[in-house]
Amino acid sequence: MTTRTRFAPSPTGHVHVGNARTALFCALLAARDDGRFILRIEDTDAARSDRAFEDALREDLAWLGLSWQEGPDVGGAKGPYRQSERGELYSEYLDRLAGKGLVYPCFCTAKELEIARKTQLAAGQPPRYAGTCAKLNTSEIEARLAKGLKPALRFRVPEGGETVFEDLVRGRQVFAHRDIGDFIIRRADGSPAFFFSNAVDDALMGVTHVLRGEDHLANTPRQLLLLQSLGLPAPRYAHLSLIVGQGGAPLSKREGGGSLNELRAEGILPEALLNYLARLGHTYASNALEGFSTLAKGFDVGHLGHSPAHFDHQQLEHWQGEAVRHAGPERLWCWMEAANPGIADLVPAAERGAFVDAVRGNLSRPSEGTDWARIVYDESLAVSAEAQAALGAVTSKLFEAALTTLKAGAPEFKPFSKAVGATAGLAGKDLFKPLRAALTGRLDGPEMERLWRLMPPDRLERRLQQALYETKKT
RNA sequence: GCUCCCUUCGUCUAGAGGCCUAGGACGGAGCCCUCUCAAGGCUUAAACACCGGUUCGAAUCCGGUAGGGAGCGCCA
């Protein structure tokens with residue numbers, strides 16, 4: 001049996017790193033087994049679902065580097081892949097359940113239920129459905145229907161017994177039925193509820209492995225009960241620990257673990273996030289930046305951690321650095337240009353590759369690329385305070401020598417600096433620090449040799465001239 | 001409240017009774033390399049939540065305690 005996994009988001013907001021990781025693990029598992037990864041949109045809540053979020057969600061997932069073999073956009077044999085388009089299927093299976101007497105209408109209002117829950121909680125009771133409508137007889141039901149009341153449908157959970165299943169990450173799970181209240185499978189407005197549609201779709205779509213958040217662990221017996229009653233096959237379940245922020249609290253946006261589009265806007269490269277997320281709560285033998293297919297080869301449900309994983313920005317930064325160093329020049333250029341289109345006017349098309357390769361070692365965010373583009377290609381130069389100080393610490397002799405050397409011909413930086421050092425009687429830091437300060441306006445940065453090659457002789461000369469002027473001034 | 005899950009360096013984790021003097025990675029510290037900043041190389045500090053039990057032997061098995069989390073929704 002080929003492995004079939006699915007990611008089943010609700011289009012009610014942007015994809016968060018937690019969901020993205022779940023999607024990634026599902027995709028990784030399917031890819032490892034040469035199986036199929038399915039995207040299913042759970043848009044049964046018409047009020048909160050938004051097609052714009054669905055589009056954004058697909059874009060975010062694709063940006064991360066995930067692709068799905070079946071889904072609302074690519075189709076597939078088990079469609080439709082939007083729950084809002086699967087109404088007929090749900091009625092059919094609802095009827096089957098009703099035919100077995102496992103379903104009953106519930107006329108309780110939201111307010112009544114809420115009061116009941118609060119009362120139970122106050123009395124130290126589990127806030128479970130009390131079963132008010134479970135015992136209604138036919139005439140009572142008809143009387144209510146005649147009044148125009150619209151009931152929700154509840155599943156009748158067996159009184160005794162237990163549901164047992166083997167969780168792929170947590171092992172054997174046992175849940176007593178008496179701890180589970182009768183739950184809603186169809187809302188009063190006729191739409192299917194999560195427990196029902198989600199379980200039925202997994203079965204109908206032939207999903208073999210459900211990887212989902214740990215928050216669903218205690219819900220699993222409900223779905224198993226449904227599937228069992230319907231005679232549908234149950235998938236294997238693997239419940240992933242959640243991602244938490246500082247102190248173990250649920251992830252908050254302040255901590256940088258926001259939505260994918262925020263991370264992207266921040267300049268995080270998808271390869272960086274991909275590698276970080278793949279290792280968050282999962283072990284890989286390799287510590288090198290890998291592509292999706294290599295990550296897939298090493299993916300193992302048995303290597304998933306059991307405890308909540310902290311989203312650590314420092315570790316993401318490490319992968320970001322790796323990603324920047326490994327990205328191809330064109331890709332890196334696009335990354336910078338997307339963040340600041342103006343950079344295209346600064347850097348000549350023919351020099352973009354050389355420019356990117358020269359500065360990539362000093363980048364973590366695209367804006368830093370813009371900074372370097374200005375330093376190299378913009379006529380005006382912003383000089384940092386430290387660079388200014390470095391210039392003030394040398395005599396004009398250095399820049400006089402530099403200008404003479406430059407005018408004698410514009411060689412590579414190495415022979416140039418060697419000649420300048422010789423005539424000015426300087427070497428090492430005393431020589432390079434002021435030269436760097438004069439030419440770039442800062443004390444840190446890529447090798448001077450590479451920057452030098454990108455700057456035309458007249459610009460080099462003007463900068464040295466300016467530095468000479470500064471030293472004479474002080 | 002009830003049910004369930006979780007607990008190894010600061011962080012992600014390796015670890016399925018002796019291979020553990022607990023390994024790796026990120027981050028930290030130091031050294032080397034080097035014109036700077038990075039990168040790279042080397043070195044180093046840093047953890048089995050606690051208490052009992054089983055065993056010749058426990059991070060690993062069992063019980064309890066503590067602390068975190070989830071579920072108990074006409075949200076998914």
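Note on naming: letters A, B, ... go to the chains in the order of the sequence lines (proteins, then strands), and numbering restarts at 1 for each one.
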Return a single string for nucleotides 30-38 of chain B, one symbol per nucleotide in 5' to 3' order, where B is base contact, S is sugar-phosphate-only contact and - is none, cutoff 4.0 angstrom on heavy atoms. -----BBBS
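In this structure, CD of Glu166(A) is placed 15 Å from C1' of rC5(B), rounded to the nearest angstrom. Taking atom CZ of Phe196(A) as the reference point, atom P of rA76(B) lies 14 Å away to the nearest angstrom. One atom, CG of Leu304(A), and another, P of rG15(B), lie 12 Å apart when rounded to the nearest Å. If you measure from atom CZ of Phe183(A) to atom C1' of rC75(B), you get 15 Å, rounded to the nearest angstrom. If you take CG of Leu240(A) and C1' of rC4(B), they are 17 Å apart, rounded to a whole angstrom. As rounded to whole Å, 16 Å separates atom C1' of rC72(B) from atom NZ of Lys118(A). A straight line from NE2 of His306(A) to C1' of rG15(B) spans 12 Å, rounded to a whole angstrom.
Among the nucleotides rC4(B), rG73(B), rC26(B), the one closest to any side-chain atom of Gln173(A) is rC4(B). When distances are taken from the side chain of Asp45(A) to each of rC74(B), rA76(B), rG71(B), the shortest belongs to rA76(B). Ranking rU8(B), rG73(B), rA70(B) by closeness to the Arg117(A) side chain, first place goes to rG73(B). In this structure, the nucleotide among rG24(B), rG27(B), rU11(B) sitting nearest to the side chain of Asp312(A) is rU11(B). Checked against rC5(B), rG71(B), rC12(B), the side chain of Leu280(A) finds its nearest nucleotide in rC12(B). Closest to the Arg222(A) side chain, of the nucleotides rG71(B), rC12(B), rC75(B), is rG71(B). Nearest nucleotide to the Leu121(A) side chain, out of rG1(B), rC26(B), rC4(B): rG1(B). In the set rC5(B), rC74(B), rC12(B), the nucleotide with an atom closest to the side chain of Gln315(A) is rC12(B). You'll find that the side chain of Ala152(A) is closest to rC74(B), out of rA76(B), rC74(B), rC4(B). Which of rC4(B), rC26(B), rA76(B) sits closest to the side chain of Phe195(A) comes down to rA76(B).
A 3.5 Å limit on both hydrogen-bonding distances identifies no Watson-Crick or G-U partner for rG17(B). Across all strands shown, rG28(B) forms a Watson-Crick or G-U wobble pair, both distances under 3.5 Å, with rU44(B). When both distances must be under 3.5 Å, the Watson-Crick or G-U wobble mate of rU3(B) is rA70(B). rU65(B): Watson-Crick or G-U partner is rA49(B), with both key distances under 3.5 Å. The nucleotide rU54(B) finds no pairing partner, because no Watson-Crick or G-U wobble arrangement with both distances shorter than 3.5 Å includes it. The partner of rC35(B) cannot be assigned: no Watson-Crick or G-U wobble pair with both contacts below 3.5 Å exists in any strand.
Look at the C1' atom in both rA46(B) and rG40(B): the space between them is 24 Å, to the nearest Å. To the nearest whole angstrom, the two C1' atoms, one in rC9(B) and one in rA29(B), are 15 Å apart. When the C1' atom is used for both rU65(B) and rU55(B), the distance is 23 Å, rounded to whole Å. On the P atoms, rG10(B) is 15 Å away from rA22(B), given to the nearest whole Å. Across rU11(B) and rG27(B), the matching P atoms stand 16 Å from one another, rounded to whole Å. Comparing rC6(B) with rC48(B), their C1' atoms are spaced 15 Å from each other, to the whole Å. rG67(B) and rA76(B) have their C1' atoms separated by 29 Å, with the value rounded to a whole Å. The P atoms of rG64(B) and rC5(B) are separated by 12 Å, rounded to the nearest whole Å.
Using a 4.0 Å heavy-atom cutoff across all strands shown, Asn287(A) reaches sugar-phosphate atoms only and no base atom. Using a 4.0 Å heavy-atom distance criterion, Pro127(A) is classed as a base contact. Contacts of His239(A) with the nucleic acid, taken as non-hydrogen atoms under 4.0 Å apart, are absent. Residue contacts shown for Gln125(A) include a base, since a base heavy atom lies under 4.0 Å away. Residue Gly281(A) is in sugar-phosphate contact alone, with no base atom involved, counting any heavy-atom pair closer than 4.0 Å across all strands shown. In this structure, Arg154(A) reaches the sugar-phosphate backbone alone: every heavy-atom distance under 4.0 Å involves primed, P, OP1 or OP2 atoms, never a base. Nucleic acid contact for Arg48(A): sugar-phosphate only, since backbone atoms but no base atoms lie under 4.0 Å from a heavy atom of the residue.
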Let me have the donor-acceptor pairs involving side chains of residues 183-191 of chain A, under 3.5 Å, with sequence neighbours excluded, atom names and distances please.
| residue | atom | partner | partner atom | Å |
| --- | --- | --- | --- | --- |
| Arg187(A) | NH1 | Ser191(A) | OG | 2.7 |
| Arg187(A) | NH1 | Pro192(A) | O | 3.4 |
| Asp189(A) | OD1 | Ser191(A) | N | 2.8 |
| Asp189(A) | OD1 | Ser191(A) | OG | 2.6 |

With side-chain hydrogen bond (donor to acceptor under 3.5 Å, both in side chains) as the criterion, how do Glu368(A) and Asn362(A) come out once you've worked through the C-alpha distance, each side chain's angles and the decisive distance to 0.1 Å? CA-CA 8 Å; Glu368(A) 291 160 329; Asn362(A) 291 70; over 6 Å; no
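A close approach under 4.0 Å does occur between a side-chain nitrogen or oxygen of Arg187(A) and OP1 or OP2 of rA76(B). A sub-4.0 Å separation between OP1 or OP2 of rU13(B) and a side-chain N or O of Arg279(A) is absent. Taking side-chain N and O atoms only, Thr44(A) has a distance below 4.0 Å to OP1 or OP2 of rA76(B). Neither OP1 nor OP2 of rU11(B) sits under 4.0 Å from any side-chain N or O of His310(A). The side chain of Thr283(A) contributes an N or O atom lying less than 4.0 Å from OP1 or OP2 of rA14(B).
Between Glu322(A) and Arg325(A) there is a salt bridge, since at least one side-chain N of the basic residue sits less than 4.0 Å from a carboxylate O of the acidic one. Using a 4.0 Å cut-off between charged nitrogen and carboxylate oxygen, Glu412(A) and Arg453(A) count as a salt-bridge pair. One finds no salt bridge joining Glu386(A) and Lys433(A) here, because no Lys/Arg side-chain nitrogen approaches an Asp/Glu carboxylate oxygen to under 4.0 Å. Checked for salt-bridge contact, Arg170(A) and Glu214(A) meet the test: a charged N lies under 4.0 Å from a carboxylate O. A salt bridge links Glu54(A) with Arg82(A): the closest approach of a Lys/Arg side-chain nitrogen to an acidic carboxylate oxygen falls below 4.0 angstrom. Using a cut-off of 4.0 Å between Lys/Arg side-chain N and Asp/Glu carboxylate O, Glu42(A) and Arg40(A) are scored as salt-bridged.
Not counting sequence neighbours, the partners of Asp201(A) by the side-chain hydrogen bond (donor to acceptor under 3.5 Å, both in side chains) test are Gln83(A), Arg86(A), Tyr90(A).
Using a 4.5 Å cut-off on side-chain heavy atoms (C-beta onward), Ile243(A) and Pro308(A) make no contact.
Each of Gln314(A) and His303(A) was matched to the nucleotide of RNA chain B holding its nearest heavy atom; the match closer to the 5' end belongs to His303(A).
Taking the six-membered ring for Trp and thresholds of 30 and 60 degrees, His282(A) and Phe299(A) have nearly parallel ring planes, at less than 30 degrees apart.
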